[in-house]
Amino acid sequence: MSALLARLAEYRGEILISILETGIMMANSLLAALLVGLPIGTLLYLARPGGPYPRPALHRALNLYVNVVRSVPFLLFVVALIPVTRALVGTSFGTTAASVPLAFVAAALYARFSEQTLLDVPEQTVELARSLGAGPLQLIGLFLYPEARSGLVLSLTTVTISMVSYSTIMGVVGGGGVGDFAIRYGYQTYEYDLMYTMILLMIVAVMLIQGAGTLTARLIDKRAR
Amino acid sequence: MIELSHVTKSFPQGRSAVTALDDLSLTIGDREMFGIVGESGSGKSTLLRLINHLEAPTSGTVRVGGEDLGALSPRELRVRRRGIGMVFQQFNLLGNATVHDNVARPLRLQRRREPDTVQQMLEFVKMAGHSRKHPSQLSGGEQQRVAIARALVTRPKILLCDEPTSALDSGTTDEVMAILRDVRDRFGTTIVLVSHELEVIKASCDRAAVLSGGRLAALTEVTPPPPRERFDSYAARAREFLA
Ligand SMILES: Nc1ncnc2c1ncn2[C@@H]1O[C@H](COP(=O)(O)OP(=O)(O)OP(=O)(O)O)[C@@H](O)[C@H]1O
Ligand SMILES: [Mg+2]
């Protein structure tokens, strides 16, 4: 045990940097989920055939984006996206560059999840908003999101956890991060103690994220007794 | 004044269409309490949705306060809609908002903050003591009273009620109907009341229309029941009925 602690102390700098790198990738992914994924999911909901503001062409286009991003195997997606990444951030290597494909996936995932969450809002809520003369932004901000908020938090939690997993392979484009650290030492130099410590760290992180998400969702859900 | 003239409404269904309302003409006067009865599928809800401009007629005209709704832009329609209150069978309260916030929501849509009006309306429906609760903590009758307060908070000239008592037991029904009669007497609101419960219409309305297959089957003055049939409490009603 003390031997392990000594080794962890020895690698302290590298470990901290890898945690920081994972943090950056996660933060960028979540930002993309909220700033791009949620609006896309909301538009998918509103513009669907039979929805409050049917726009078939827009709906098809957004649906295509979500389906394409979600269907390409992630490693392949990372490589295929390299030209886009280079155009967006000027390089295809490093933590920032690694954030780009992660952001695309996070946005697509959360778009689908938030669409599904909004579909669970009772049709009566929409009917109420319309009868009160709500415009589209009011429908979203004063009726749909307040009623869907616990589902939106839970699905954001799921996306976050998926991104922890996706981010582990970002080593292929020099993204670094905890997963990359574990793979480098565990797979390439057979230092299993370091690898298992990192895996444990990720398990604990996932449990904390899930716990926080579940608790928040429960606290803000006032719909049932 | 609400005037429907030769209104037909059909919904496309596959290759054909369902006719929900068929050449219906009807005038409802100011401050009237007007009942609409009819079997399921006879077009009652569609009629209310036309008056509230949630649906446009396939042909014919709907005029509210002398204004032809067909001539208005979507934005103007939204504004007109705010002058008409609506009460639903399932109350349609927001489960994540408190009683106070539910009632305040129509004002918020108009960027108005009038806590006193909200409070007044809650007092009017006798729910002022529950303003910090959430709907799930209330009984069905209490929820419907909150929904009535919400519909009235913008002081609409017209109140449309779609089966407001159908999800309630008979004692609570009397309570809610007493409030609706108060609304008419105190605020001079025109009330259009859809219900399949004939006693409810009989006890409160001045006139009633009977719909059948989307057509106006009858239009009649309502004779109020002898006063003893109006009960103030469920216990009194139950005792009278059973004895
Ligand atoms: N949006 C719609 N799309 C297709 N058909 C509709 C739509 N709204 C109503 N209809 C049809 O129009 C007819 C009248 O419906 P409406 O809801 O007005 O009846 P109702 O008298 O309110 O019935 P209930 O007592 O069951 O509420 C029905 O046959 C219904 O299926
Ligand atoms: Mg109906």
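In what follows, chains are A, B, ... by sequence order, proteins preceding strands, each numbered from 1. When reading the values below, keep in mind they use all heavy atoms of this one structure, side chains included, and skip hydrogens, waters and symmetry mates.
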- prompt: Residues of residues 104-136 of chain A under 4.5 Å from chain B (heavy atom pairs)?
  reply: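 Counting heavy atoms that sit under 4.5 Å from chain B, the residues of residues 104-136 of chain A involved are A:Gln124, A:Thr125, A:Glu127, A:Leu128, A:Arg130, A:Ser131, A:Leu132, A:Gly133, A:Ala134, A:Gly135, A:Pro136.
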- prompt: Under 4.5 Å, heavy atom to heavy atom, which residues of residues 84-92 of chain A contact chain B?
  reply: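 When heavy atoms of chain B are the reference, residues 84-92 of chain A contributes no residue within the under-4.5 Å range.
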query: Got a sec, which residues hit salt bridge (charged side-chain N to carboxylate O under 4.0 Å, His left out) with B:Asp101, two or more places apart in sequence or on another chain?
result: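 B:Asp101: no salt bridge (charged side-chain N to carboxylate O under 4.0 Å, His left out) contacts found.
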- prompt: Going by residue number, which parts of residues 52-90 of chain B are within reach of chain A, meaning a heavy-atom gap below 4.5 Å?
  reply: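 When heavy atoms of chain A are the reference, residues 52-90 of chain B contributes B:Asn52, B:Leu54, B:Arg78, B:Arg81, B:Arg82, B:Ile84, B:Met86, B:Phe88, B:Gln90 within the under-4.5 Å range.
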task: Could you tell me the separation between the CZ atom of A:Phe143 and the CG atom of B:Leu109, rounded to the nearest 0.5 Å?
output: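 Here the interatomic distance stands at 4.5 Å.
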field: From CD (A:Gln138) to CZ (B:Arg105), nearest 0.5 Å
entry: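 The CD atom of A:Gln138 sits 10.5 Å away from the CZ atom of B:Arg105.
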How about [atom1] on [X], more than 12 heavy atoms from neighbouring residues, nucleotides or ligands closer than 6.0 Å, or not?
| X | atom1 | result |
| --- | --- | --- |
| B:Glu39 | CD | no |
| A:Tyr196 | OH | no |
| B:Arg31 | CZ | no |

message: Tell me whether B:Asn96 contacts the main-chain N or O of A:Asp221 through its side chain, where contact means a donor paired with an acceptor under 3.5 Å.
response: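 Here the side-chain-to-backbone pair does not exist.
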